[in-house]
2 protein chains.
Amino acid sequence: MNTEKRNYHHGGLREALIEAAVLILEEEGIPKMSLRSIARAAGVSQAAPYSHFANKDALLIEVAAYGFSQFSYALEKPKAMSGDPKGLIEHLVTLGVVYVNFAMENKALFQLMFGDALSEISKSESYLKEGQRAYDCIDKAVRHLKDEGAATVAAWSMVHGLATLMVDQKIDFTNDVEKQVRSILQFLNLK
Amino acid sequence: MNTEKRNYHHGGLREALIEAAVLILEEEGIPKMSLRSIARAAGVSQAAPYSHFANKDALLIEVAAYGFSQFSYALEKPKAMSGDPKGLIEHLVTLGVVYVNFAMENKALFQLMFGDALSEISKSESYLKEGQRAYDCIDKAVRHLKDEGAATVAAWSMVHGLATLMVDQKIDFTNDVEKQVRSILQFLNLK
DNA sequence: ACCTGAACACCGTTCAAGT
DNA sequence: ACCTGAACACCGTTCAAGT
């Protein structure tokens, strides 16, 4: 395993570094995800990443963008089944459950995605694109119930607040995420 | 200024280190807040902090606890003026504004307080005590409108979500925090 | 163009030694 | 008991040098 050092000279190190970073991120946590440990995991020297990224942040921004692409994919999967109000509310609950489950199953990645450690992240095309996809998903679901920008922000804040409080261990860990999401969304009134 | 090196031998280094950490935290940000830079700011050697704290995290936990004491104080200040429903809702809006304003005016401290970087924080007496004070404030205000645990979690999630999204720059920065808080809390239905 | 090895300035932490 | 100075094992980043 350790000895099958692939030949990254044939163009693949950039992606391999991102993959290695994602692995270390979820398996060892943010503090252990150093640029040097990522390079080690990819089987290259400590300075090699600088051939593909301006600095550590630039690599982490790509990791965050990858996270948003996975996140958006998960949010786009469940399709609204019926057009009646009850079905629309049920769809919103489903999105909330997907949101919180993603956060709990990818804690460190979620923190990287939504934290503000990466000062240049808003200059990344892929981050903006994948992030917008996720936002559009929530926005569309909310606007079917209440076509107002503030309503989206309200729903998003509520679900995101629960997700962060759970990930950051400020709220009792509940295995039953759906029950938890349902219990707060009952207090969201989209008239 | 640099030369007036106080004599910390007479018991004050512990508090001086916490103060120095708070200053660096807000003025230079989390990445610059190293244990060595804190020690430098307090005018002692790099190893001196270990006479008062087991490690860097132990010091940061005290900083977070200090943050919660300030936070709780701010939340306790505004008193509910009238007992009628309208006054109670107004009180909740006020608490939301205080919450978000604290986050925006103490970004790095807020992130330290509510992040999960400090793995041993839940073992700190002062953190638990000051954190409980803040929670009780919100819980009391919500329970006057709707006496249900889930209602508190819903209101807290919504306000905390807005605060984190703003601090982490995932939502358009708005100078008018009150307007923003009001615009989302209109969708909180405590029946 | 892509990668290495050595170097620099940082870090957290430990430990013998000083007072 | 409290603090220092030196040391250790880490970092991120730069740069000359190799292919």
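Owing to the predicted nature of the structure, the values given are computational and were not obtained by experimental measurement. Throughout, a chain's letter reflects where its sequence line sits, starting with A, and its residues are numbered from 1.
- For the pair A:L13 CG and C:dT4 C1', the interatomic distance rounds to 13 Å; values are reported in whole Å.
- Distance B:K32 NZ to C:dA9 P: 15 Å, rounded to the nearest Å.
- Residues passing the ring-ring contact (aromatic ring centres under 6.0 Å, His included) test with B:Y127 are B:F68, sequence neighbours excluded.
- Side-chain nitrogen and oxygen atoms of A:R40 include at least one within less than 4.0 Å of the OP1 or OP2 phosphate oxygen of D:dC11.
- Between A:L60 atom CG and D:dC11 atom P there is a gap of 14 Å when expressed in whole angstrom units.
- No more than 12 heavy atoms of other residues, nucleotides or ligands sit less than 6.0 Å from atom OH of A:Y66.
- Hydrophobic clustering of Ile, Leu, Val, Met, Phe, Trp and Tyr side chains at less than 4.5 Å, counting indirect connections, unites A:L128 with A:L109.
- Put simply, the side chain of B:K79 gets close to the backbone of B:E76: a donor and an acceptor are under 3.5 Å apart.
- When distances run from any side-chain atom of B:A48 to the nucleotides C:dT4, C:dC11, D:dT4, the shortest one goes to D:dT4.
- Here C:dG12 presents its P atom at 13 Å from CG of B:L118, a figure rounded to the nearest Å.
- As a whole-Å value, the separation of A:R36 CZ from C:dC10 C1' is 11 Å.
- Pairing for D:dC10 is absent, with no Watson-Crick or G-U wobble pair whose two atom distances lie under 3.5 Å.
- For B:A47, the listed nucleotide lying nearest its side chain is D:dT4; candidates were C:dC11, C:dC3, D:dT4.
- Rounded to whole Å, the distance from CG on B:L17 to P on C:dG12 is 13 Å.
- Listed by residue number, the members of residues 50-58 of chain A with any heavy atom below 4.0 angstrom from DNA chain C are A:S51, A:H52.
- By the criterion of side-chain heavy atoms lying less than 4.5 angstrom apart, applied directly or through intervening Ile, Leu, Val, Met, Phe, Trp or Tyr residues, A:L23 is not grouped with A:M113; the two fall into different hydrophobic clusters.
- The side chain of B:S45 lies closest to D:dC3 when the candidates are C:dG12, D:dC3, D:dC11.
- In terms of phosphate contacts, A:S34 brings a side-chain nitrogen or oxygen within less than 4.0 Å of OP1 or OP2 of D:dC11.
- Here the nucleotide nearest the side chain of A:Q46, chosen from C:dT4, C:dG12, D:dT13, is D:dT13.
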Output side-chain donor-acceptor pairs under 3.5 Å for residues 147-156 of chain A, partner residues at least two apart or in another chain, one line each.
unit_1	atom_1	unit_2	atom_2	d
A:D147	OD1	A:R143	NH1	2.6
A:T152	OG1	A:D139	OD1	2.6
A:W156	NE1	A:Y99	OH	2.9

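- Counting only distance, with no hydrogens or angles, the side chain of A:E62 and the backbone of A:L59 share no donor-acceptor pair below 3.5 Å.
- The distance between atom CZ of A:R14 and atom P of C:dA1, rounded to the nearest whole Å, is 17 Å.
- C:dC11 atom C1' lies 15 Å from atom CG of B:L59, rounded to whole Å.
- Pairing of D:dG5, defined by two Watson-Crick or G-U wobble distances under 3.5 Å, is identified with C:dC15.
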